[in-house]
Amino acid sequence: MIKEMKEFLASKYNITNKVLELYEKTIEDVKGEFDLLDDIREFNQAKVLNALQEERISESHFTNSSGYGYGDIGRDSLDKVYARVFNCESALVRPHFVNGTHALGAALFGNLRPNDTMLSVCGKPYDTLHGIIGINEESGMGSLKEFGVKYKQLELTSYGKPNLESIKKALLEDDSIRLVHIQRSTGYGWRKALVIEDIKTIIDCVRQIRSNTICFVDNCYGEFIDILEPTDVGADLVAGSLIKNIGGGIAPTGGYIAGTKECVEKASYRLTVPGIGGECGSTFGVIRSMYQGLFLAPHITIEALKGAIFCSRLMELAGFEVLPKFNDKRSDIIQAIKFNNKEKLIQFCKGIQVGSPIDSFVECEPWDMPGYTDQVIMAAGAFIQGSSIELSADAPIREPYIAYLQGGLTFDHAKIGILIALSRIIN
Ligand SMILES: *Cc1c(COP(=O)(O)O)cnc(C)c1O
């Protein structure tokens, strides 16, 4: 870091010499981790570029349809571009999905029927899915449970790997298991994300026993971290959010589903209604940004990943427990930092907010967010509300007080934001 930058950080943000020393050491340590990331980014950029070319995308696809949105070629071609990127039959990419949870919900409701069982093989799914499934809820909420879909759950092993023996046993004992739910990312847990190889092992294991069980992957935060996606290794269905990796920080809202033609079509009937599916839905002029975001996503995702690796090493050197470590193989953009202290956790998140381009003057506070049981604090001074491909940190307010940091549209911004956040807790 040049002298002028150090002086700038010290005068504008009170960043101390101690923090700047940790910075220098961190940069030295993480350098070697970045070469592999460049290879991944390059390959995914080629994949996306080629998909756009194969579908012959042109200015005329950036349409602004209205009303029913019949024959919106921008929308329909974007589905095909995504299907190519995911190397699968079909995709449904829509601004009408209000978030990732909505896309995941449509995929689940569309593909499960009364008396089917959904089997989660990665422990408890992400918090916002509890309401969809009907985990610890009263009746009357419209959950899968209320529609007669049963739910079972298997834990990961103590090493955070899938427990193949228990998956086999569960499938052999219960032939109502119609869908296996795999969550790639950490969520609000303390485990590493499942790498593509782990996901493949689960899918191969399920296939050995039953061919018609749907292997479904919650792919949130996982896109473009590897050169393969879950659909490359046999997943029938994946879903995620466009205000995370794959929207490239440009898509203003939305979600996607990708997979086999049958699974995606069934899911589409829960975005709209049976008989209409993906054939309606005007796109309000946002389609161009969805294309452009996809084009930028391989690059932006790796910027965010570099931020996570930097944060991991810096916080570890500052004496905090982190997961993953800076030199672990990653499969999502999330960095978890364990504070074991409520006040430090809150101060760290507030620091990320102070380091944001938007709403940097706002104090973020824990609040009762829809879909979550514990109070959650969310620092996200983002151009797009709540966008977590932008630099953001969030945490449910519960022991052992873990913050989840992700994003950064540029690695430089991530570094600055994280330095500000650290300064607030070690000064
Ligand atoms: C972000 C996320 C979701 C969906 O969250 P939304 O805020 O609704 O987009 C689902 N699962 C996991 C693992 C996630 O990280």
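Since this is a predicted model, take the numbers as computed values, not measurements. Order of listing sets the numbers, starting from 1, for every ligand and every atom in it.
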Subject >> ligand 1 contact on L104 by region, counting heavy-atom pairs under 4.0 Å >> reply: side chain
Of all the non-hydrogen atoms in the protein, which one sits nearest to [atom], and at what distance?
atom	answer
atom 9 (O) of ligand 1	G100 N, 2.8 Å
atom 8 (O) of ligand 1	T101 OG1, 2.4 Å
atom 13 (C) of ligand 1	D218 OD2, 3.4 Å

Original post:
Strictly by modelled atom types, are Q406 and D394 linked by a side-chain donor-acceptor pair under 3.5 Å?
Top reply: yes
Residues 165-172, side-chain donor-acceptor partners within the protein, below 3.5 Å, at least two apart:
| from | atom 1 | to | atom 2 | distance (Å) |
| --- | --- | --- | --- | --- |
| S166 | OG | N163 | O | 3.0 |
| K169 | NZ | E173 | OE2 | 3.4 |

Subject >> Axial cation check for Y221 ring with K244, 6.0 Å and 45° limits >> reply: yes
**OP:** Test the K415-F411 pair against the cation-pi criterion, namely NZ or CZ under 6.0 angstrom from the six-membered ring centroid and within 45° of the ring axis.
**Re:** yes
Kindly confirm or rule out an N or O of [X] lying under 3.5 angstrom from an N or O of ligand 1.
X	value
Y221	no
K244	yes
Q183	no

**OP:** Assign the ring pair Y256 / Y82 to parallel, tilted or perpendicular, where the plane angle (0 to 90°) is split at 30° and 60°.
**Re:** tilted
Original post:
Once the angle between the rings of Y188 and Y404 is folded into 0 to 90°, is it parallel (under 30°), tilted (30 to 60°) or perpendicular (over 60°)?
Top reply: tilted
